[in-house]
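Okay, structure first, notes after.
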Amino acid sequence: MSVKNNIPALPISKQLTIGLFGFGVVGKGLYEVLQSTPALQASIKKVCIKNAGKKRSIGEEYFTTNADEILDDEEINVVVELIDDADAAYSIVKDALQKGKAVVSANKKMIAAHFEELLQLQFEHETAFLYEGSCCASIPIIRNLEEYYDNDLLSSVKGIVNGSTNFILTKIFEEGLSFKDALLQAQQLGFAESNPALDIEGHDAANKLSILLAHGFGTITKPTDILYSGITAIKESDAAIAKQKNLRIKLVATAQKINETQLAAFVLPQFVATDDELANVNNEFNGLITESSFADKHFFKGKGAGAYPTAAAVLSDIAALRYHYKYEYKKYLQQSGINLTNDFYLKVFVSAADINTIEKNEFEWIEEAHNEYNNSWVVGTIHAEKLFNNTWWKENGVSLILTEKPIVDNVDYKKIGKQSLALAGVV
Ligand code: HSE
């Protein structure tokens with residue numbers, strides 16, 4: 001007799017009838033992926049698009065420009081939202097949740113901006129809203145943070161969460177491409193946002209980090225409350241220094257508990273040692289390292305951008321809906337009381353053509369300084385709040401890169417005083 005005869009049947013799975021919003025890179029990818037997974041019992045009934053005139057690769061009968069044809073169709077029990085416009089996406093998702101439909105989205109900007117309202121809607125209408133594709137595309141990080149790590153045990157999550165910037169940095173540093181050409185390639189390959197400033201200025205990574213904070217630590221925060229920058233200021237001379245010291249430069253998102261109730265979170269370029277797992281996360285790949293008390297360290301790596309990797313995550317959410325899966329937001333609901341803080345110190349490398357554009361008095365401690373025509377830099381310790389409240393380090397060609405272990409233990413730098421500036425010969 002087979003073992004199967006002795007185990008209880010699986011819970012009844014739902015037949016999923018999907019209304020899809022958007023038929024761009026990811027939408028089309030999802031359609032193709034669904035065609036090759038018939039066992040999923042999920043089919044697309046209608047696709048809502050903005051531009052009716054465009055030539056499409058599937059039958060015209062699928063398409064509509066009227067959102068209500070999906071939202072008012074009672075047979076459609078799942079709305080998959082994959083459009084570009086975050087405001088329009090919010091109104092679609094809100095309407096669908098209010099109508100009791102399950103929703104899958106990959107729109108990190110929209111989710112990060114409306115996290116609390118979306119949470120409220122899910123609870124009020126007792127329906128599921130899943131968005132694994134919004135963070136690190138193919139890496140199943142949200143469900144892992146949600147299900148596997150207990151809040152008390154997780155101490156940090158850090159990694160590369162934007163595929164385009166990682167692709168650009170790899171192409172510039174490993175293959176000698178110009179920034180412009182590398183960005184163009186990232187756009188052609190469908191990795192970049194339609195407004196690539198969202199990628200290269202770090203907004204996209206900050207949006208993703210704010211979603212990860214909610215699932216990892218139960219901390220709900222607006223992306224604008226996170227200290228972040230992108231990769232636009234990184235110069236050839238910074239790359240030369242990285243090479244000399246056998247380091248790489250990556251855009252790294254970090255969330256790290258600094259005590260039981262406070263969490264440091266930031267997205268900044270960072271020097272990464274070659275033996276760090278993140279050093280070998282290249283091109284459009286993303287990589288995340290979690291640290292927790294008992295499991296110690298986990299490293300996740302996978303494609304972080306592109307049609308199929310994102311469609312794979314959306315597909316995984318659709319599959320989870322068949323078994324009535326919902327995020328429970330346990331860490332948030334348990335009111336773990338972990339709040340974001342900027343009360344910590346960072347060890348940074350700051351370079352500029354003219355040393356006078358580096359606000360040296362903002363530092364607590366400077367341990368290295370180099371002053372040369374067109375190539376000056378300092379390495380020192382600065383309070384995170386001072387970076388959060390000021391913009392000098394993002395202007396006038398100033399480039400700020402975190403050192404390999406950026407969070408400095410809470411030493412009382414005030415006691416050491418600013419004499420270090422004089423010692424370094426820069427004031
Ligand atoms: N533009 C995003 C990236 C797409 O490059 O990571 C995936 O979220």
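Atom set for the values below is all heavy atoms of this structure, side chains included, hydrogens, waters and symmetry mates excluded. Here the structure is a predicted model, which is why all the values come from computation and not from measurement. Each ligand, and each atom within it, is numbered from 1 in the order the structure gives.
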Measure D199 to ligand 1 on non-hydrogen atoms and call it side chain, backbone, both or neither using the 4.0 Å cut-off.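 The answer is the side chain of D199.
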Assess K303 against Y308: is NZ or CZ under 6.0 Å from the centre of the six-membered ring, and within 45 degrees of the ring's axis? no
Does E236, at its CD atom, have more than 12 non-hydrogen atoms belonging to other residues, nucleotides or ligands within less than 6.0 Å? no
Would one find more than 12 heavy atoms of other residues, nucleotides or ligands at under 6.0 Å from atom NZ of K243? no
Atoms of ligand 1 less than 4.0 Å from [X] heavy atoms?
X	answer
G304	6 (O), 7 (C)
K108	2 (C), 4 (C), 7 (C), 8 (O)
E193	1 (N), 2 (C), 4 (C)
K208	2 (C), 3 (C), 6 (O), 7 (C), 8 (O)

Taking the side chain as every heavy atom from C-beta outward, state whether [X] and [Y] have any atom pair closer than 4.5 Å.
X	Y	result
Y62	L20	no
S316	R143	yes
N107	F21	no

Backbone or side-chain N or O of [X] under 3.5 Å from ligand 1 N or O:
X	answer
G163	yes
A192	no
S164	yes

